[in-house]
Structures are given as C-alpha cells and as structure tokens.
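Worth knowing before you read on, the calculation uses all heavy atoms, side chains too, and leaves out hydrogens, waters and symmetry mates. Each chain gets a letter, A, B and so on, in the order the sequences are listed, and its residues count up from 1.
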2 protein chains.
Amino acid sequence: MISLNYRDARPIYEQIKDELRRLVVTGALREGEKLPSVRSMASALAINPNTIQKAYGELEAEGYLTSLPGKGSFASVPETDVGKERREHLFLRLGEIAEELRYLGEDEQAVVSRIKQTYTAAGGRGLRRGFREKRSGPEKKQDPAKSNEDPS
Amino acid sequence: MISLNYRDARPIYEQIKDELRRLVVTGALREGEKLPSVRSMASALAINPNTIQKAYGELEAEGYLTSLPGKGSFASVPETDVGKERREHLFLRLGEIAEELRYLGEDEQAVVSRIKQTYTAAGGRGLRRGFREKRSGPEKKQDPAKSNEDPS
DNA sequence: TTAGTGTATTATTCCATCTAGTACAGTCAC
DNA sequence: GTGACTGTACTAGATGGAATAATACACTAA
C-alpha cells in the first residue's frame, strides 16, 4: 500500500501522510474504508509504531482520517470547517506555483490545461460533503450503528 | 528584504531560498540585480554566514542566482535545461494540488480562475529567455554590468 | 594595499526524528 | 470473563540534519 524512500528528504511520517492523503483524494481509499492498524502498518513497513501513530494523528487533524479507539482508523472527508483551512493553504500554494511557472515561460494555456486534465480524468469522484449520501463509514466520532447486543 | 520565522517547520536556509525565489519570480528582484553579500545578509538576519551560503548555493543550482567569486551574487533566470526540471516538478505539484482541491469540493472554475488571476495580475513580466532582449545581467559566468549595486 | 566578495573546511551544539519499551483503556469474538 | 485485537500515552535513548563558530584561501575593485 505504501512504500518508503529513505533517500527522500522528507521524514518518514511525512511520506506516510502524503501518500495516505493521496490515496484518499484520488479515490483509491474511499470514505469509511478501514486502514491498516498502527501496529500492522508499522510491521509491514518495518518501522516503529510511534512513527505511524504520528502520521495518523496529524492526518486526523487534517480531517482525512478518523480514529476510533478499540476499533481502528478509517478514511474520511474533512469537515467543511477543517477543510477550509486546507483549501486556503492549497490555493496559496497554487498561486505561488502558477507565478513561478509563468516566470519560467509557461503560458496560461499550458497551466490551465493541466488543471482541466485533472478534472477531466476524475469521474464523479470527490463531491462536496453535502451532496454525498450516507455510507458505511463512522459518523463523526460516534459508534456506527451497532446491533442489539448487550456487552455484559 | 527577508524576515525569518523560527516557529516555521522549514529550516532557515529553506525559508531564505523560498523567499528569494519568490522575489525573483514576482519581479521584485530583476535579472542581474545584485543581492546582499553572504556576510551582510547573515549580519542583517543575525544568523551564521554558512546558512546563507547554503541557501545561495542551492538557489544557484536551481538557476535563480548566479554567484561570481570576488564580485557578488546576482538574480538570474534559470537556463532552459535547468528550468526544465524545475518546471516538471512544478507541474507535478500542480496536479497534486488540483486533485486535492477537487476532492475538497472546489470546482474546475474556481481553480482555473486562480490561475488566470496570476497571469492577469502579472504584466509583461517573465518572458522566456529566448524572447528576452539582452540586458544588464551577467551573461553565463561573465562580468555583469556594474550599474546594479543596491543590496538593501 | 585594503576591504569586500564567494567558497571551503573542521569542530561543536542543538533538536527533530526515529526507535525501543511499557502501559492503559476500549472493542469484539469466543 | 478471556484473549486478541484496537488507539493512545509516556519515558528513555540513538541518530542525523541544521545551525553555529572559527579559519582560511583566492578573487575583485577602489
């Protein structure tokens, strides 16, 4: 699912964050889908569980992940307010990159085409939260509908 | 000219690189314009000259800066071949950002508008090397016009 | 000559990263 | 309840990049 690059300047937990975020936004991981447990992914990548824990924790702060103690971690869509900060950050970076590309000689057409390519390639993926239907994923931080079992 | 943020996760030399690059691509620093010397900028920012040296060195590798031993460092436009790698990197990031913005609910129109805004705001700045006329900047590694001497 | 420039080198301090180990509480199948 | 999972928290230590400090050399220009 994830491969690490020890030559990469980014720390390991950043690589994991970026890769997991990429899997979510590209649709490879759908909302509500269960991710490997902290310990199992640590074992699979042959690294320390604390490193995975850090990546999961920060990704949860971004809203791309929801963790439920005792149950697991699940891919999720950032709440509108959390996603707002993220979107503002992304728009800022977008402007900086466009500015530099322009300086390097790329015309508007070339840059816009690259944007349109992304939206064309993506099918019906990535609709707003308000437009999506309910699904199997955990609602907020609460326990998803459980059966009539009595724990004790 | 540059202000540092010690709370920033990025190392100091990265902050300097990013800021200087930004000044160049936005036109605040024009090609051939002289930058503060390694020692003077280190003094102005109250940091070690080695840190400035590292920032300048990497920025020169990117093509945004040309250093001439004994004379100084000057803003420059990346050679086409050096800039090619940079452009490819920027296009890659552009695609990733667009993908995430789309996932967060931004429609194509909103993203494209941000791009066009950049190109509209910029006047005649940032033309390709082949289209630019000869100017005061250093040709390759040769002596730049001595007229530019404002290292504020 | 003198002062300023870029550049290189070595040594040292500092801190984020990563590891290692342990611990606790919640969930779920049995 | 038991056991095996789960997320989470904490301490302690090792490692490596970042930044500093101090010199040194060659080049440029007034």
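- Every residue meeting the side chain to side chain contact (heavy atoms under 4.5 Å, CB included) condition with N50(A), not counting sequence neighbours, appears here in chain and number order: N48(A).
- Under the side-chain hydrogen bond (donor to acceptor under 3.5 Å, both in side chains) criterion, E19(A) pairs with R22(A), not counting sequence neighbours.
- Looking at residues two or more places apart in sequence or on another chain, you find a side chain to side chain contact (heavy atoms under 4.5 Å, CB included) between S40(A) and P36(A), S37(A).
- Between F74(A) atom CZ and dG7(D) atom C1' the separation is 11 Å, expressed in whole Å.
- With rounding to whole Å, Y6(A) atom OH is found 15 Å from dT17(C) atom P.
- For DNA chain C, the residues of residues 48-59 of chain A within the heavy-atom distance limit of 4.0 Å (strictly under) are N48(A), N50(A), T51(A), K54(A), sorted by number.
- Between Y13(B) atom OH and dT20(D) atom P the separation is 13 Å, expressed in whole Å.
- For K84(B), the salt bridge (charged side-chain N to carboxylate O under 4.0 Å, His left out) partners two or more places apart in sequence, or in a different chain, are E88(B).
- D8(A) is linked by a salt bridge (charged side-chain N to carboxylate O under 4.0 Å, His left out) to R10(A), counting only residues two or more places apart in sequence or in another chain.
- The side chain to side chain contact (heavy atoms under 4.5 Å, CB included) test applied to K54(A) returns Y13(A), E58(A), not counting sequence neighbours.
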Side chains of residues 89-96 of chain B: which donor-acceptor partners sit under 3.5 Å, not counting sequence neighbours?
residue	atom	partner	partner atom	Å
R93(B)	NH1	E96(B)	OE1	2.7

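- R39(A) is linked by a salt bridge (charged side-chain N to carboxylate O under 4.0 Å, His left out) to nothing, counting only residues two or more places apart in sequence or in another chain.
- The phosphate of dT8(D) (OP1 or OP2) has a side-chain N or O of S67(A) nearer than 4.0 angstrom.
- Using modelled atom types, one side-chain atom of Q15(A) and one backbone atom of N5(A) make a donor-acceptor pair closer than 3.5 Å.
- A heavy atom lying under 4.0 Å from DNA chain C marks the following residues of residues 39-47 of chain A, by number: R39(A), I47(A).
- The two residues I16(A) and M41(A) have their closest heavy-atom pair at CG2-SD, 4.5 Å.
- For the helix from dT1(C)-dA30(D) to dC30(C)-dG1(D), the terminal axes (five pairs an end, C1' atoms, rotation from four pairs onto the next four) enclose an angle of 30°, given to 10 degrees.
- Legend: residues meeting salt bridge (charged side-chain N to carboxylate O under 4.0 Å, His left out) with R86(B), ordered by chain and number and at least two apart, are E100(A), E62(B).
- Regarding L65(A), its CG atom lies at a distance of 9 Å from the P atom of dG7(D), rounded to whole Å.
- Side-chain atoms of I12(A) lie closest to dC18(C) of the nucleotides dT27(C), dC18(C), dG6(C).
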